[in-house]
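Let me begin by presenting the structure, written as structure tokens, before commenting on it.
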Amino acid sequence: MAPALTACGSGGPGGKTLTVVAAEYGDGKPENSSQKYWESVARTFMGDHSGVKVEVQVYSWTEVDKKVADMVAAGKAPDIAQIGAYADFAAAGKLISADQLLSVPTQADFLFSIAKAGEVHRMQYGLPFVSSTRLLFYNKALFEKAGVVKAPESWAELQAAATKLKVARVKIPFGLPLGPEEAPAETMLWMLGNGGGYTDKNGNYTISGSKNVEAFEWLRDELVGKGLTGPGNPARTNRQELFDAFARGEVGMLHGHPSLMQQAEAKDVKYGMAPLPGRHGRAASTMGVADWVMAFKQTGHKKEVGQFLDFLYSTQTVLDFTSKYDLLPVTQSASDKMMKDDDASARRKKLIPFLEQLKNAEFYPADKTSWAKVSKTIKEKIGGTVQKGADVQGILDEIQREADSTDGVSR
């Protein structure tokens with residue numbers, strides 16, 4: 001169990017104590033622990049709010065969601081939780097909406113695309129904490145070896161580049177991780193590349209829609225079927241396996257997030273990054289991922305929680321965290337500072353291509369309580385769509401039926 005982190009200070013007589021449960025983003029080394037960040041935030045906040053004490057508990061990602069769920073079930077919800085999903089708590093009426101917590105400037109500062117992903121029935125309950133997007137990574141040395149002169153912008157160009165890489169004996173021309181680790185993300189990227197997606201504008205699942213079927217038929221026939229994804233079976237290939245292979249110089253192209261930069265640089269792999277290729281040119285959007293902050297009703301500390309969250313989302317506080325872990329800010333003010341700061345570190349500047357994609361990013365349907373089960377079904381079944389002779393429509397129809405059933409929709 002992680003320790004309770006109480007920065008020096010006290011609520012004092014008649015004061016209030018805020019409890020915060022947060023996730024660990026570090027790599028296990030003490031100097032990289034999220035603990036230090038939260039201690040600093042709590043200490044600075046308490047220095048300006050003498051009647052409030054802040055206690056923080058930091059847990060690993062493998063346990064933090066369950067810890068919060070158990071606390072809520074026991075009637076001992078934290079004031080604030082920073083975890084992976086908010087929809088179940090919002091649907092159960094456990095959360096305070098953003099408009100009741102935050103000052104108008106703070107709420108207005110969230111990037112629109114991310115704030116929208118935090119809404120349930122058009123009311124924001126999930127406050128985005130950090131975000132990330134995906135870009136196409138490619139190995140510059142392998143491109144040069146194969147005679148590929150630029151990053152592909154369309155699927156046809158991607159296939160042509162992958163074909164040249166295969167001829168040049170590149171082990172994995174295009175890395176396609178449809179194994180359980182990354183299947184929902186990789187699936188969404190290909191759906192978006194053809195103008196499809198998981199849901200429509202009304203929030204209804206569209207998994208078996210024609211655009212999605214076309215995307216996976218193309219993958220089946222034009223990429224996997226032509227031997228352009230390497231010797232492994234994409235249905236059993238996980239993202240980290242391909243990231244490791246990219247760092248060994250064995251992968252020509254793949255979809256990646258910011259952590260791949262550091263992994264590639266550690267192995268001296270010269271790489272390039274480009275926007276997501278689409279069916280007929282650059283994709284209109286890429287996938288965004290966000291983690292969430294939420295505030296619980298039952299604690300009775302709404303005013304103090306709002307004050308703490310206003311501080312948490314101040315520009316420098318946001319940048320302190322995102323810079324530490326190569327993540328993207330979720331507010332316009334922090335994004336602007338990151339884009340325009342001439343004195344920013346080289347490491348932070350490398351994140352700008354990801355940040356530029358964020359304004360048009362599409363997110364998982366995190367507002368749906370059914371998403372966790374639907375995501376699990378995708379992990380189990382989507383890899384079957386790219387096998388030789390696969391019935392893509394039939395497999396996507398099956399996932400659609402299970403999604404609708406879980407969502408309480410009949411067709």
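Since we're looking at a predicted model, the values are computed, not measured.
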Practice task
Determine the interplanar angle of the Phe321 and Tyr37 rings, folded into 0 to 90°, and report it as parallel if under 30°, tilted if 30 to 60°, perpendicular if over 60°.
Solution key: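 Phe321 and Tyr37: perpendicular rings.
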Handout entry: Qualifying ring-ring contact (aromatic ring centres under 6.0 Å, His included) pairs, either residue in residues 92-112, two or more places apart
Key = Phe110-Tyr313
Handout entry: All pairs passing ring-ring contact (aromatic ring centres under 6.0 Å, His included) where residues 227-248 contributes a residue, at least two apart
Key =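 Passing the test, one end in residues 227-248: Phe243-His257.
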For residues [X] and [Y], report the shortest heavy-atom separation together with the two atoms involved.
{"X": "Thr299", "Y": "Ala77", "value": "CG2-O, 3.6 Å"}
{"X": "Asn139", "Y": "Gly249", "value": "ND2-CA, 3.9 Å"}
{"X": "Leu189", "Y": "Leu276", "value": "O-CD2, 3.7 Å"}
{"X": "Val21", "Y": "Pro78", "value": "CG2-CB, 3.9 Å"}
{"X": "Tyr138", "Y": "Met273", "value": "CE2-N, 3.7 Å"}
{"X": "Pro329", "Y": "Ser335", "value": "CG-OG, 3.7 Å"}

Can you sort out the partners of [X] under salt bridge (Lys or Arg N to Asp or Glu O under 4.0 Å), two or more places apart, ordered by chain and number?
{"X": "Arg220", "result": "none"}
{"X": "Glu157", "result": "Lys150"}
{"X": "Lys116", "result": "Glu119"}
{"X": "Glu362", "result": "none"}

Side chains of [Y] and [X]: any donor to acceptor distance under 3.5 Å?
{"X": "Gln387", "Y": "Asn233", "value": "yes"}
{"X": "Gln35", "Y": "Gln57", "value": "no"}
{"X": "Asp88", "Y": "Thr369", "value": "no"}
{"X": "Tyr205", "Y": "Glu402", "value": "no"}
{"X": "Thr206", "Y": "Asp200", "value": "no"}
{"X": "Asp291", "Y": "Tyr25", "value": "yes"}

For [X], what residues pass the side-chain contact (heavy atoms from CB on, under 4.5 Å) criterion, not counting sequence neighbours?
{"X": "Asp367", "answer": "Tyr86, Val120, Pro365"}
{"X": "Glu24", "answer": "Ser33, Ser34, Val58, Tyr325"}
{"X": "Lys226", "answer": "Gln159, Glu222, Leu228"}
{"X": "Asn194", "answer": "Trp155, Lys211, Glu214, Ala215, Arg279"}

Atom [atom1] of [X] and atom [atom2] of [Y]: how far apart are they, to the nearest 0.5 Å?
{"X": "Ile96", "Y": "Leu101", "atom1": "CD1", "atom2": "CG", "value": "5.0 Å"}
{"X": "Lys381", "Y": "Glu398", "atom1": "NZ", "atom2": "CD", "value": "3.5 Å"}
{"X": "Thr286", "Y": "Asn360", "atom1": "OG1", "atom2": "CG", "value": "10.0 Å"}
{"X": "Lys368", "Y": "Lys373", "atom1": "NZ", "atom2": "NZ", "value": "14.0 Å"}
{"X": "Leu312", "Y": "Leu102", "atom1": "CG", "atom2": "CG", "value": "10.0 Å"}
{"X": "Phe311", "Y": "Phe45", "atom1": "CZ", "atom2": "CZ", "value": "8.0 Å"}

Exercise for the section: Would you please name every residue forming a side chain to side chain donor-acceptor pair (under 3.5 Å) with Lys302, sequence neighbours left out? Expected result: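 Once residues adjacent in sequence are excluded, the partners of Lys302 under the side chain to side chain donor-acceptor pair (under 3.5 Å) criterion are Gln100.
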Practice task
Taking side chain to side chain donor-acceptor pair (under 3.5 Å) as the test, write out the residues that go with Ser375, two or more places apart.
Solution key: none
Any Lys/Arg nitrogen of [X] or [Y] sitting under 4.0 Å from an Asp/Glu carboxylate oxygen of the other?
{"X": "Lys267", "Y": "Glu265", "result": "no"}
{"X": "Lys66", "Y": "Asp70", "result": "yes"}
{"X": "Asp326", "Y": "Lys324", "result": "no"}
{"X": "Lys270", "Y": "Glu144", "result": "no"}

Do any N or O atoms from the side chain of [X] and from the backbone of [Y] form a donor-acceptor pair under 3.5 angstrom?
{"X": "Gln124", "Y": "Gly126", "answer": "yes"}
{"X": "Glu153", "Y": "Gly281", "answer": "no"}
{"X": "Ser154", "Y": "Gly278", "answer": "no"}

Exercise for the section: Evaluate side-chain contact (heavy atoms from CB on, under 4.5 Å) for Val330 paired with Phe129, printing each intermediate quantity in order. Expected result: CA-CA 7 Å; Val330 296; Phe129 181 59; 6.0 Å; no
Exercise for the section: Verify the ring-centre separation between His255 and Phe174: is it less than 6.0 angstrom? Expected result: yes
Exercise for the section: Kindly say whether the aromatic ring centers of Tyr364 and Trp371 come within a distance under 6.0 Å. Expected result: yes
Handout entry: Intermediate values then yes/no, side-chain contact (heavy atoms from CB on, under 4.5 Å), Lys16 and Lys53
Key = CA-CA 6 Å; Lys16 294 184 177 179; Lys53 183 178 178 182; over 6 Å; no
Exercise for the section: Please tell me if the side chains of Thr315 and Asp336 come closer than 4.5 Å, counting only heavy atoms from C-beta onward. Expected result: no
Handout entry: Note, Gln316 side chain near Lys337 side chain (heavy atom, < 4.5 Å)
Key =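 Result yes, sub-4.5 Å side-chain heavy-atom pair found.
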Practice task
Could you point out which residue of Ile352, Val130, Leu351, Val318 forms a side-chain contact (heavy atoms from CB on, under 4.5 Å) with Leu328?
Solution key: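 Among Ile352, Val130, Leu351, Val318, the one that satisfies the side-chain contact (heavy atoms from CB on, under 4.5 Å) with Leu328 is Leu351.
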